[in-house]
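Worksheet: one structure, shown below.
Numbers restart at 1 for each chain; the letters A, B, ... are given by sequence-line order, proteins then strands.
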Amino acid sequence: MTTNTPLLKVDNAGIQFGGLKAVQGVNVELDRGELVGLIGPNGAGKTTFFNLLTGVYVPTEGSISLNGEKLNKQAPYKITRKGISRTFQNIRLFSELSVIDNVKVAYHSLAKHSIASSIFRVPGHFSGETEMHEKAVEFLKIFNLDRFMNEKAKNLPYGQQRRLEIARALAANPKLLLLDEPAAGMNPQETQELMKLIALIREKFDLTVLLIEHDMALVMGVCDRIYVLDHGQLIAQGTPAEIRNDPKVIEAYLGEEVS
Amino acid sequence: GCGGAEESGGSGGGKEIKIGANVELSGGVASYGQSASQGLQLAVDEINKEGIDGKKLKIVKVDNKSDAAEATNGALKLATQDKVAAIVGAATSTNTLAQVQIATDNKIPLITPTGTNPDITNKDGKVNEYVFRTCFIDPFQGTVAANYAKDEFQSKNAAVFIDSASDYSKGLAKAFTDSYTKAGGKIVAKEAYVAKDTDFRATLTRIKSAKPDFIFLPGYYEEVGLIVKQAREAGIDVPIMGGDGWDSPKLVEIAGNEALNNTFITNHYSAADPDEKIQEFVKAYKAKYKDTPDGFAALGYDTGYMLADAIKRAGDASPEKIKEALAKTKDLALVSGNVTLNENHDPIKSASILKYENGEQKFATKVDPE
Amino acid sequence: MLKVDGINVYYGNIQAIKGVSLEINEGEIVTLIGANGAGKSTLLKTISGLLKPKQGKIVYEGKSIGGKAAQTIVKQGISHVPEGRRVFANMTVEENLQLGAYLRKDKEGIKQDLDKVFELFPRLLERLKQQAGTLSGGEQQMLAMGRALMAKPRLLLLDEPSMGLAPLLVKTIFRIIEEINQTGTTILLVEQNANLALSIADRAYVVETGRIALSGDAEELTSSEQVKMAYLGGH
Amino acid sequence: MELIQQLINGISLGSIYALIALGYTMVYGIVKLINFAHGDVFMVGAFVGFYSITLLDLSFFPALLLTMAVTAIFGVIIERIAYKPLRNATRIAALITAIGVSLLIEYGFIYFRGAQPEAYPSGVLPTEKISILGVSINSQSIFILCTSVVLMIILQFVVHKTKIGKAMRAVSFDAEAAKLMGINVNNTISATFAIGSALAGAAGVIFGTYYSKIEPLMGIIPGLKAFVAAVLGGIGIIPGAMVGGLLLGVVESLVSAAGYSLWRDAVAFIVLILILIFLPSGLFGKNRREKV
Amino acid sequence: MTILKSAKGFWLSILLSIILFAIIQFLIIGEYLNGFYINTIFFMGINIILAVSLHLIIGITGQFSIGHAGFLAVGAYASAVVSMKLGLPFPLAIIMGGLVAAIAGLVIGIPSLRLKGDYLAIATLGFGEIVRIVFLNIDYVGGASGLQVSHLTTWPWVFVCMMITLLVIRNFTNSTHGRACISIREDETAADAMGINTTYYKVVAFVIGSFFAGIAGSLYAHNFYIIQPSNFGFLKSFDILIYVVLGGLGSMSGAVVAAILLTIISTFLQDFPETRMVIYSILLIVMMIYRPQGLMGTREITSFFKKKKSVEGGPKDDNQHTVA
Ligand SMILES: Nc1ncnc2c1ncn2[C@@H]1O[C@H](COP(=O)(O)OP(=O)(O)OP(=O)(O)O)[C@@H](O)[C@H]1O
Ligand SMILES: Nc1ncnc2c1ncn2[C@@H]1O[C@H](COP(=O)(O)OP(=O)(O)OP(=O)(O)O)[C@@H](O)[C@H]1O
Ligand SMILES: [Mg+2]
Ligand SMILES: [Mg+2]
């Protein structure tokens with residue numbers, strides 16, 4: 001694991017659904033600490049690309065490696081444990097669980113106490129659970145969610161649910177965080193708060209972030225680099241300024257250039 | 001608290017003698033239990049017209065849902081809660097077996113009208129002191145059928161088709177097979193179905209290709225009717241024979257007159273029997289339930305009379321006395337024949353062989369137990 | 001044309017709308033803006049009959065429609081394009097459009113309106129036999145609007161038509177909204193993208209936690225400091 | 001030859017399953033309710049048919065139509081009373097209610113008329129044994145197979161081509177959006193139940209004439225088998241129910257033919273489980289992975 | 001700190017149950033209860049074990065299993081063979097019943113993992129039927145006629161097994177492992193994405209659930225004198241399912257309450273033999289119509305005592321819609 005291998009290397013990855021090539025021949029490299037945007041028209045394959053990275057779909061071609069280690073055909077939970085975690089385009093919280101339990105689920109893979117120790121309530125169970133609980137409380141404080149700690153996730157306001165989903169993804173201790181349209185359904189004011197949150201995350205956690213978003217103000221505002229997908233293929237990549245003026249991107253996605 | 005009616009039938013103080021009936025009123029074999037229970041009810045109604053030494057019988061019914069666990073529960077209720085003087089047990093062997101221990105522990109006589117499994121009355125060579133039955137045990141009918149097949153039809157290759165969910169059917173089949181093979185016959189096909197099946201064509205096709213010259217079909221009329229019908233449709237026209245489980249007018253309706261030609265049953269009773277006692281029963285049953293009684297109903301009815309007879313002879317409606325009197329039942333004229341209980345508490349009855357002709361039962365021959 | 005008067009709407013015990021009143025005049029585009037969970041969608045659902053107001057009146061063209069069943073309200077000329085598009089994913093584009101005209105019997109008129117929809121959304125004509133569920137987000141939004149137009153509405157309720165759409169499509173959709181309005185359909189538009197909504201609207205209401213906090217001319221509101229701060233992301 | 005005979009046995013048994021499964025899968029596909037009472041509506045149909053033939057002296061077709069009308073109404077009543085209040089509840093809660101309704105019909109029936117069986121009079125439908133090359137076919141089983149196929153086609157047409165069918169599918173997919181189209185959701189669901197129950201009733205009458213024996217608990221096993229057939233074919237897919245029913249019948253017959261009649265149902269369920277393991281949405285169900 | 005608090009509640013409930021045990025034991029020994037009531041209490045205990053074991057599979061892990069009677073049957077037969085055929089002591093029979101059923105749970109759990117919703121339901125139902133038919137065809141255990149079993153089940157055994165079931169399942173649920181199962185119920189894809197090995201936990205739930213169903217089977221077999229395949233048909237599975245749903249999916253105390261309630265109702269209805277099933281089915285329909293979320297919703301009994309401390313505007317599970 002030398003420092004010059006990229007954190008994520010996607011080599012010629014693709015997937016087909018029946019006849020539809022939803023993603024094809026995509027090459028992406030992310031370095032540690034980068035915040036990269038992924039944009040493209042609806043149905044371009046952005047979410048599908050996330051699904052490939054997280055093992056929800058198995059790529060029909062190409063390879064994906066994290067820290068130089070191949071991830072192909074691994075179960076999603078194993079990939080998460082290796083360090084990729086995500087949010088979903090439609091919020092998918094554990095809605096009947098409390099806010100703090102949502103976070104604890106993400107800590108599960110770190111738990112050291114076995115099923116037997118929990119059933120027989122040996123001291124290991126108590127110390128394990130206590131540690132998890134304390135960590136989760138601390139963690140929620142960072143996100144200002146600790147006041148909702150014991151609420152069911154489904155009872156949170158929409159914006160807080162988005163926040164919790166991001167927090168939960170971070171609790172899984174990823175090296176790479178994938179955010180799928182975190183600003184969808186938010187008004188400009190709320191979007192600005194989200195931008196602040198993303199900045200906070202980058203500051204507090206040692207992370208690489210890949211972000212799908214249709215809100216150009218957000219994408220252009222926070223990303224170091226941007227990839228553009230169209231019809232499953234990369235059509236452009238570069239800095240926000242380059243992308244904004246790329247004629248192919250304008251034609252396929254932006255319309256006229258955005259201010 | 002632990003409820004117990006102040007007027008307990010057991011100790012003979014009151015005007016009522018409580019009789020428990022633990023039968024299948026719901027669940028898979030509800031039709032058996034219902035028939036038995038209706039027969040019993042009819043008998044009790046008739047007995048109560050005169051009463052027994054000025055006392056009337058009162059039936060306390062429980063539904064065992066055709067389930068052994070519920071049967072246990074029901075028996076406990078009858079024994080410990082209702083404190084009945086005797087229990088009329090379930091229509092099937094299993095649900096009766098579930099009650100045997102409870103009857104024994106609580107020292108209450110248990111009579112099953114139709115449970116044919118030998119274990120019920122005699123387990124491992126030991127007679128169950130408190131348990132009795134009104135029906136045949138299986139071996140007799142099977143043997144009679146085997147002899148009939150050999151003597152009447154010179155049958156050499158028989159097929160046996162049984163209801164594997166029924167001890168009755170299995171018991172008959174075993175006796176048949178034993179006698180038949182002992183007499184030099186060969187069982188060329190041995191097939192089984194499960195009660196409530198409706199389509200037997202596949203198995204019948206199989207039986208047909210084994211080319212039997214006689215089919216033994218011990219089962220209950222609900223399935224037997226369908227089997228006979230489908231067998232004739234499949235082109236099987238050899239004689240088919242069964243036991244008392246066939247006996248119901250519904251059999252004729254289900255199978256159809258024509259299909260039933262060349263079929264035979266062993267029976268202790270026939271609804272078509274001109275015998276006065278039987279005709280009176282059939283008439284009374286029809287009047288009360290708008291339906292012709294089947295074998296279950298007849299045996300339920302007989303159980304009522306057998307019990308009444310014992311109570312009368314006991315002169316006291318205490319379970320202990322009833323039990324003793326029951327064991328001494330002798331030459332009691334019942335719808336299902338003249339009954340004497342042997343040392344195993346099983347009835348010894350003669351059997352008739354009946355033959356179906358255009359949907360009518362015709363008397364063929366009578367066989368006495370040896 | 002539509003007058004909502006002091007309605008209260010509940011989900012179980014939670015009151016989502018608290019005494020809201022508003023008015024829409026024939027031919028206008030009126031927009032509702034407000035934060036997440038303010039109650040905008042609830043308000044639209046109440047107008048279209050999916051929810052019943054506990055108190056208050058809703059009068060449409062002089063007739064009270066508050067609490068009437070949805071199908072009655074559709075019949076009177078109000079169509080609702082719900083949040084999240086809600087196309088019938090297991091049916092073709094064509095079947096979706098036919099369902100839009102479910103209550104209509106005039107075969108001729110339906111045909112004409114179908115052609116009109118294809119004029120507005122040529123993409124739908126290309127995808128006529130495709131399952132709606134396999135359309136892209138933008139196409140689904142077009143289908144949802146086309147489907148609503150098939151009911152020949154005089155008042156069209158649009159709930160966040162730009163949500164999740166690529167910038168290019170957002171522009172297209174808004175252009176089409178103006179076109180629809182120009183053909184004489186009155187529009188009540190709910191939007192998160194307040195800048196865009198205000199730019200095409202005649203009037204606007206600002207909804208905050210179930211109440212109308214502000215209302216007025218679209219231009220006026222765009223320049224109001226309060227609105228800028230809270231909803232336009234301005235400084 | 002015996003094998004062909006057995007296949008024919010299987011197909012005739014399977015077409016009975018298919019007949020019941022058609023209505024089952026339709027209601028199931030549209031209302032998303034495992035309607036355990038379907039088998040009992042089938043039973044009620046068999047009895048209504050029986051009484052119309054014996055008491056009202058109707059011949060087969062009038063009895064069939066009368067039965068379908070009665071069971072359609074019966075189905076709608078069940079839906080309105082027992083299922084409608086649970087529209088917004090979890091599906092498993094609705095399933096429990098369906099079990100309750102099933103028990104109520106069975107034991108209500110037993111309470112009023114007893115548990116004893118009844119036999120259809122013979123000759124309601126002409127039966128002829130057709131023998132070709134030593135293989136015998138009952139003309140009634142051909143009739144049943146044809147009826148199932150015709151009903152399948154009609155049902156498929158109704159659900160996919162007619163206005164009410166479109167309304168049904170719309171309601172099934174998204175009831176709220178359907179309301180916005182002006183669809184009367186309650187009436188549409190009632191119509192679904194009416195059609196499904198009428199089909200169950202028809203199946204009951206046909207079953208009665210074919211097997212002749214009917215009794216109050218006769219619906220349990222066929223109901224279960226129809227459920228299996230519906231799932232085997234893919235939930236809500238009408239031709240799937242047909243094929244699932246036939247497959248089930250053939251498997252059962254072949255197992256019996258091999259001399260394992262007591263293992264018949266077990267083998268049928270093993271086949272079911274195996275098929276589901278390889279095709280988790282049934283034979284015809286699109287294995288649509290949930291889009292994340 | 002919450003853990004300490006729950007530990008206090010834990011010891012309190014242990015104490016209460018020991019008192020309950022002692023009272024009933026006293027009533028039995030002193031012959032204050034007749035056999036019928038005693039049997040009802042046993043049956044209640046067995047039903048509680050069944051309900052709680054299925055609750056783990058359906059209520060907690062969200063796997064729609066409707067073949068639970070299959071595991072009950074496996075346990076009943078396995079234990080009966082151990083005690084009756086092999087002549088080994090009853091405690092060993094109980095444990096073997098559980099273990100063999102757990103193996104059955106493993107066997108059915110693994111292939112069923114690919115299935116979801118109704119497809120899983122029908123597969124488990126099929127499994128239950130297969131089990132029944134297998135026993136029907138094994139003459140060693142009496143085939144259709146059943147196997148006679150001595151009455152060895154006693155109140156202390158019922159009580160101990162019941163308490164162990166309740167404790168184990170409660171302890172499992174209130175741990176990170178239980179949360180993992182709940183997350184599968186709530187959203188399997190998201191659980192996977194959070195690093196939960198969903199396959200493993202589904203199998204674990206099946207294995208633990210069937211283990212206890214097997215224990216219940218052992219008690220059942222040795223309480224009712226005879227077991228036969230027809231005791232374990234799919235209607236029995238439905239009975240257990242009804243406890244879980246009526247109690248409130250996801251609520252263990254709900255499952256317990258429903259099992260107790262329905263056992264009592266069923267006992268009470270013995271007095272109406274002709275109409276009991278009619279009354280029972282009407283009750284079932286009415287209860288579901290008026291409380292589709294079950295008696296307890298997703299709450300536990302303990303939450304009623306904590307109610308006052310709940311945060312303002314706490315969870316409202318009143319999901320009635322004003323939808324027209
Ligand atoms: N499981 C699936 N089966 C079939 N097709 C699929 C599946 N998942 C995605 N697709 C198709 O792949 C294409 C890409 O979809 P995807 O969700 O990745 O788009 P997207 O770029 O995220 O769009 P949006 O911005 O609207 O979210 C679409 O045409 C979609 O219909
Ligand atoms: N089905 C429901 N049950 C209970 N509460 C609901 C339901 N739907 C909405 N609410 C609540 O009603 C309030 C208003 O919701 P509504 O969906 O109308 O907001 P909105 O302004 O449309 O927000 P958004 O911008 O997110 O679409 C919110 O607090 C929401 O949580
Ligand atoms: Mg996407
Ligand atoms: Mg909204």
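- With a 4.5 angstrom heavy-atom cutoff, B/D119 touches chain E only via side-chain atoms.
- Contact tally against chain E (heavy-atom pairs below 4.5 Å) for B/N73, B/L97, B/D67: the top residue is B/N73.
- Contacts of E/Q270 with chain B are made by both backbone and side-chain atoms, with heavy-atom separations under 4.5 Å.
- By number of non-hydrogen pairs under 4.5 angstrom with chain B, the leading residue of E/D271, E/T40, E/V149 is E/D271.
- Closest of all the heavy-atom pairs between E/G97 and E/A78 is CA-CB, 4.1 Å.
- Contact annotation for B/E70: both backbone and side-chain heavy atoms come within less than 4.5 Å of a heavy atom of chain E.
- Ring geometry, B/Y168 versus B/Y220: the interplanar angle falls under 30°, so the pair is classed parallel (tilted spans 30 to 60°).
- Residue contact with chain B, scored on non-hydrogen atoms closer than 4.5 Å, involves the side chain of E/Y220 exclusively.
- Contact of B/S26 with chain E is made through the side chain alone, with heavy-atom distances under 4.5 Å.
- Shown here is B/K190, whose NZ atom has no more than 12 heavy atoms of other residues, nucleotides or ligands within 6.0 Å.
- Looking at E/S150, neither its backbone nor its side chain comes within 4.5 Å of chain B, counting heavy atoms on both sides.
- In the displayed structure, B/K107 atom NZ is contacted under 6.0 Å by at most 12 heavy atoms of other residues, nucleotides or ligands.
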- Query: Does the side-chain contact (heavy atoms from CB on, under 4.5 Å) test come out yes or no for E/F238 and E/I66, once each step is laid out?
  - Reply: CA-CA 7 Å; E/F238 287 176; E/I66 53 175; 4.3 Å; yes
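- Residue with the most contacts toward chain E among B/V60, B/T92, B/I102, B/V100: B/I102 (heavy-atom pairs, distance under 4.5 Å).
- Considering only heavy-atom pairs separated by less than 4.5 Å from chain B, the leading option among E/P273, E/G142, E/A144, E/G143 is E/P273.
- Interface residue E/F43: only side-chain heavy atoms are found under 4.5 Å from chain B.
- Although no hydrogens or angles enter the test, the distance criterion places no donor-acceptor pair under 3.5 Å between the side chain of B/D163 and the main chain of B/G219.
- Aromatic ring orientation, E/W155 versus E/F159: tilted (interplanar angle from 30° to 60°).
- The part of E/N223 that comes within reach of chain B is its backbone (N, CA, C, O), which places non-hydrogen atoms under 4.5 angstrom from that chain.
- Ring geometry, B/F200 versus B/F161: the interplanar angle exceeds 60°, so the pair is classed perpendicular (tilted spans 30 to 60°).
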